[in-house]
Asks: 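Encoded as structure tokens, here's the structure I'll be asking about.
Just so it is clear, the structure is predicted and the values come from calculations on it, not from any experiment. Convention: sequence-line order gives letters A, B, ...; per-chain numbering from 1.
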Amino acid sequence: MMRKLVIATAAAMFICVTAAGAQAAEFPNFSFNGFGTLGVVHSDEDQADFASNLFAPDGAGYTRDWSPEVDSVLGVQITTNLTPRLTGILQVVSEQRYDENYTPTVEWANLTFDITPDLSLRAGRMVQQTFMVSEYRKVRYAIPWIRPPKEVYGMIPVANVDGIDLSYRFRFDGFTNTLRALYGGKDADTPDGSEASARDVVGLSNTLEWGAATLFASYFRYRLTLEGLNPFFDAFRQFGAQGEAIADRYDVDGKRFENISLGLRYDPGEWFVMGEWAWMDSRTFIGDIRGWYITGGYRFGEVTPYMTLAQVKAHGDTSTPGLSLAGLPAVQAAHAAGLNAALNQILGSAAQQKSISVGIRWDFILNAALKIQYQHLDLDEGSPGVLTNTQPGFEPGGSANLFSAAIDFVF
Amino acid sequence: MQIMRTTVIVWICLLSLMAGTVCAAEVVVVVSSENPIKSLSLTQITDIYLGRMIRFPNGNPVKPIDLSESSPARSQFYSRYLGRSQPQIKAHWSKLIFTGRGQPPPTVSSGDAMAESVAENPDAIGYLSSDFLDDRLRVVTID
């Protein structure tokens with residue numbers, strides 16, 4: 001129902017665009033823009049996949065030798081200024097989904113009202129500004145890399161939310177500060193057919209700009225449920241008090257997650273450097289995760305070589321004694337041992353790795369850039385790193401190499 | 001120092017002559033002669049054209065106007081006053097457009113149209129090749 005409504009609205013808006021044309025200063029006015037990436041990635045680890053995000057069912061490596069699915073994306077957007085103070089956007093994105101098809105999904109659909117020129121309120125669907133480039137992470141033309149470093153951007157599973165957000169901007173002595181507060185929630189489908197839901201998402205983010213420097217900080221808090229894991233933890237609960245304790249400690253059923261991110265960018269024009277540090281914590285099997293990256297590049301005219309170092313580490317439990325088998329009848333003891341092994345498997349598979357990437361961006365025409373990137377992943381002992389869909393033949397703790405090429409464009 | 005700068009300017013003139021442009025016509029930042037603003041810093045011009053600064057230092061609203069992307073004066077303006085290339089500017093506005101956070105300045109297609117648009121709006125700021133200057137416009141000095 002919701003989807004039909006959105007499609008109908010989009011169609012109506014599009015007709016208005018073609019009929020009215022884009023004429024600034026007359027209201028309402030409409031503009032049509034788009035962005036996209038055509039990319040391929042190869043991974044030399046053929047027993048696991050390098051996938052685009054936590055909701056992607058597969059990727060490069062095991063499933064495909066060269067995958068066009070990881071990075072390719074197409075987005076179109078209609079922006080309308082309904083009055084001088086009321087703006088609407090509708091952005092629809094097509095990319096590899098949890099169910100392996102490319103049905104376009106609504107990434108942004110909201111109305112912004114400027115209470116004053118510096119204070120605005122918006123409502124609808126929006127992307128939360130968890131990290132410095134979260135909001136435009138799919139607009140690859142606008143970011144230095146082929147894709148944002150997974151060591152940081154792979155941490156948080158739910159990206160866009162339905163909610164409200166307040167933005168306040170003020171200037172002093174050449175500084176521009178923008179403070180935003182957000183409240184919302186979102187359900188998302190996962191490849192195994194279950195839902196991931198983020199509720200009571202509350203966040204604050206602040207961006208301070210001064211000349212070539214940008215300083216970013218954010219704090220987000222939400223309750224997350226990964227429905228697909230509930231049967232697994234319910235099996236623990238059948239073992240009485242000790243099972244309850246283990247399930248309560250590690251399940252993801254309405255648990256509070258918190259994350260903090262700090263970022264810095266310095267871009268005087270000829271060169272740039274940027275870095276971020278992020279922390280996420282919850283009383284779940286996911287535990288305490290910290291990641292960072294630092295990137296730098298130098299612009300030789302249209303050609304920009306760049307390099308990135310990144311790391312993600314899990315600071316929580318990576319193993320647990322689990323259920324005590326003492327005194328259990330043989331059948332139950334075997335069942336408990338199986339659950340313990342599965343739980344330890346999940347705890348041990350936390351994404352932990354370091355990586356180094358080198359790449360080059362070539363702005364061959366104004367609206368498009370070609371990027372080529374090589375990334376070496378050094379997986380921590382016992383961890384698959386950011387690789388997913390691991391096969392029986394996969395050996396954790398080794399290394400993997402990714403070769404990527406992409407054309408990013410905007411229109 | 002002065003001699004060195006003169007030498008550099010002479011060389012730039014020679015190079016631009018070879019490239020087919022006329023050196024005398026440099027790109028200047030202009031406001032309407034009715035606008036009280038006489039000077040701005042490079043940081044202020046940068047912030048106005050990146051959408052971060054929405055008022056002149058005297059508190060009046062500022063309405064930047066751009067030349068179209070194919071205009072050579074546009075490239076010169078962005079590289080000289082903002083130190084940024086056209087793709088960098090495109091990337092900057094992509095971040096704002098696709099997050100609903102802003103829209104780039106309206107564009108006009110010629111120096112004449114720019115002179116006209118700035119002259120008729122006291123809140124406007126623009127840039128053009130000095131060939132298109134007339135007495136309805138004031139060149140903003142850079143401090």
Asks: So what's closer than 4.5 Å to chain A heavy atoms on Arg52(B): side chain, backbone, both or neither?
Replies: both
Asks: Run the side-chain hydrogen bond (donor to acceptor under 3.5 Å, both in side chains) test against Asn60(B) and tell me which residues pass, sequence neighbours left out.
Replies: none
Asks: Counting only heavy atoms closer than 4.5 Å, note whether Glu135(A) contacts chain B via side chain, backbone, both or neither.
Replies: both
Asks: Measure distances from Ile54(B) to the heavy atoms of chain A and classify the residue's part below 4.5 Å as side chain, backbone, both or neither.
Replies: side chain
Asks: Output all residues satisfying salt bridge (Lys or Arg N to Asp or Glu O under 4.0 Å) with Asp118(A), sequence neighbours left out; order by chain, then residue number.
Replies: Arg55(B)
Asks: Using heavy-atom distances under 4.5 Å, tell me whether Gln86(B) contacts chain A through its side chain, its backbone, both, or neither.
Replies: both
Asks: Would the Phe30(A) and Phe32(A) ring centres measure less than 6.0 Å apart?
Replies: no
Asks: Identify whether the distance between the nearest side-chain nitrogen and carboxylate oxygen of Asp71(A) and Arg147(A) falls below 4.0 Å.
Replies: yes
Asks: Side chain, backbone, both or neither: which part of Ser85(B) has an atom under 4.5 Å from a heavy atom of chain A?
Replies: neither
Asks: Of the backbone (N, CA, C, O) and the side chain (C-beta and beyond), which part of Asp363(A) lies under 4.5 Å from a heavy atom of chain B, both, or neither?
Replies: side chain
Asks: With a 4.5 angstrom heavy-atom cut-off, could you sort out which part of Val139(A) is near chain B: side chain, backbone, both or neither?
Replies: side chain
Asks: Any ion pair linking Arg136(B) and Glu116(B) (charged N to carboxylate O, less than 4.0 Å)?
Replies: yes
Asks: Should the pair Phe170(A) and Phe172(A) be assigned to parallel (<30°), tilted (30 to 60°) or perpendicular (>60°) ring geometry?
Replies: parallel
Asks: Side chain, backbone, both or neither: which part of Asn81(A) has a non-hydrogen atom closer than 4.5 Å to chain B?
Replies: side chain
Asks: In this structure, is the centre-to-centre distance between the rings of Phe77(B) and Tyr49(B) below 6.0 Å?
Replies: yes
Asks: Counting only heavy atoms closer than 4.5 Å, note whether Ser120(A) contacts chain B via side chain, backbone, both or neither.
Replies: neither
